[in-house]
Amino acid sequence: MPKLIISIDGVVIKEAELTGERTTLGRRPYNDIVIDNLAVSGEHAVLYLNGAEVFIEDLNSTNGTYVNGKAIKHQLLQNNDIIEVGKYKIRFQADPVGVAAAAPASPAPHAAPVGAATAPSAASAPASAPAAPAGAAVRLLNGAAAGREVPLVKVVTTIGKPGVAVAAITRRAQGFMLSHVDGTQPPTVNGTPIGKEPVNLHDGDLLELAGIQMQFVAP
């Protein structure tokens, strides 16, 4: 099944499978894929699934829709095309079955598997990233849910309040990293606000974002 891998500043924040014939993308909450950012129009673009083919159409958005750096109105997507919407980059991954059907019967020896990452960056990380260490979690320290632990079992776990402040904890081979995704309030680690670059997390680190206090727990 084709899917979109959405990232900002090299950090994956969301993955969405294209399951229907029509998938809308935009800032408004009624879209199938919601990107809550002012650079994204309320109804920004739509994707059409036609058999093994996927087309993207810009819906007269304010800032435009780009594919591989070029502004488009309506275009057929190819595997690993990069869609740009505001500051967000969206990697299109075609249905592996459809890609295999279109490939030559005798692929070149040692060809990379469909959808394989070409670099170990978060933006190009495959869905099957290295297994998370057992017990890695974020423990909430305040509010009604104080004491609750959120297991970090996904490649990317987003935290915070949409529209106010959002951060992402990304699982990589070398451990976990925290990145500021959206909002004017950057998260803090042990009382220090983080910058544009992701920071490594260590067992016991104290995090705070939009008034939410948390502790990173590693096994």
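Computed from a prediction, not measured in an experiment: that's the story for all the values here.
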If the test is side chain to side chain contact (heavy atoms under 4.5 Å, CB included), which one of Val12, Ile90, Ile83 qualifies with Ile6? Ile90
In this structure, which one of Leu178, Val189, Val138 forms a side chain to side chain contact (heavy atoms under 4.5 Å, CB included) with Asp205? Val189
Go through the structure and list residues passing side chain to side chain donor-acceptor pair (under 3.5 Å) with His180, not counting sequence neighbours. none
Determine whether Thr23 and Ile33 satisfy the following criterion, side-chain contact (heavy atoms from CB on, under 4.5 Å), listing intermediate values before the conclusion. CA-CA 7 Å; Thr23 302; Ile33 301 174; 3.8 Å; yes
Starting from the C-alpha separation in whole Å, work towards a yes-or-no answer on side-chain contact (heavy atoms from CB on, under 4.5 Å) for Asn80 and Arg91. CA-CA 6 Å; Asn80 284 326; Arg91 180 182 295 275; 3.5 Å; yes
Please report the closest heavy-atom contact between Tyr30 and Glu43, naming both atoms and the distance. OH-OE2, 2.8 Å
Say you draw a straight line from CE of Met214 to CG of Leu140; how long is it, rounded to the nearest 0.5 Å? 7.0 Å
Could you give the distance from OG1 (Thr24) to NE2 (His44), rounded to the nearest 0.5 Å? 12.5 Å
At what distance, to the nearest 0.5 angstrom, does CG of Asn200 lie from CE of Met177? 4.0 Å
Just wondering, are more than 12 heavy atoms of other shown residues or ligands nearer than 6.0 Å to NZ in Lys87? no
Calculate, to the nearest 0.5 Å, the distance between atoms OH and CG belonging to Tyr88 and Asp9 respectively. 9.0 Å
Separation between OG1 (Thr65) and CG (Leu59), nearest 0.5 Å, reads 7.5 Å
Minimum heavy-atom separation for Asn79 to Gln93, with atom names? OD1-CA, 3.5 Å
What is the minimum heavy-atom distance between Val54 and Leu76, and which atoms define it? O-CD1, 3.5 Å
Is the backbone N or O of Phe92 less than 3.5 Å from a side-chain atom of Asp81, with the two atoms forming a donor-acceptor pair by type? no
Could you grab the distance from atom CG of Leu152 to atom OG1 of Thr170, nearest 0.5 Å is fine? 10.5 Å
Smallest separation among heavy atoms of Gln75 and Val67, with atom names: NE2-CG1, 3.5 Å
Polar side-chain atom of Ser41 near backbone of Thr62 as donor-acceptor pair, under 3.5 Å: yes
Minimum heavy-atom distance Val34-Arg28, with the two atoms named: CG2-O, 3.6 Å
Is the shortest side-chain heavy-atom distance between Arg27 and Asp36 below 4.5 Å? yes
Hphob cluster co-occupancy, Val85 + Val46, side-chain heavy atoms under 4.5 angstrom: no
Sort and list the pairs that fulfil ring pair (Phe, Tyr, Trp, His ring centres under 6.0 Å) and have at least one residue in residues 45-87, not counting sequence neighbours. Phe55-His74
Full working for side-chain contact (heavy atoms from CB on, under 4.5 Å) between Leu206 and Gln213: CA-CA 7 Å; Leu206 298 177; Gln213 297 176 358; over 6 Å; no
If you draw a 6.0 Å radius around NZ in Lys89, do more than 12 non-hydrogen atoms from other residues or ligands fall strictly inside? no
Which pair of heavy atoms, one from Leu207 and one from Ile169, lies closest together, and at what distance? CD1-CD1, 4.4 Å
Linked, directly or transitively: Val150 and Leu201 (ILVMFWY side chains, under 4.5 Å): no
I'd like to know if Phe176 and Val199 are part of one continuous hydrophobic network [Ile/Leu/Val/Met/Phe/Trp/Tyr, side-chain heavy atoms within less than 4.5 Å]. yes
With no hydrogens and no angle check, is any side-chain donor or acceptor of Asn63 less than 3.5 Å from a backbone partner on Ala39? yes
When hydrophobic residues are tied together by side-chain contacts of less than 4.5 Å, even through go-betweens, does Leu25 share a cluster with Ile72? yes
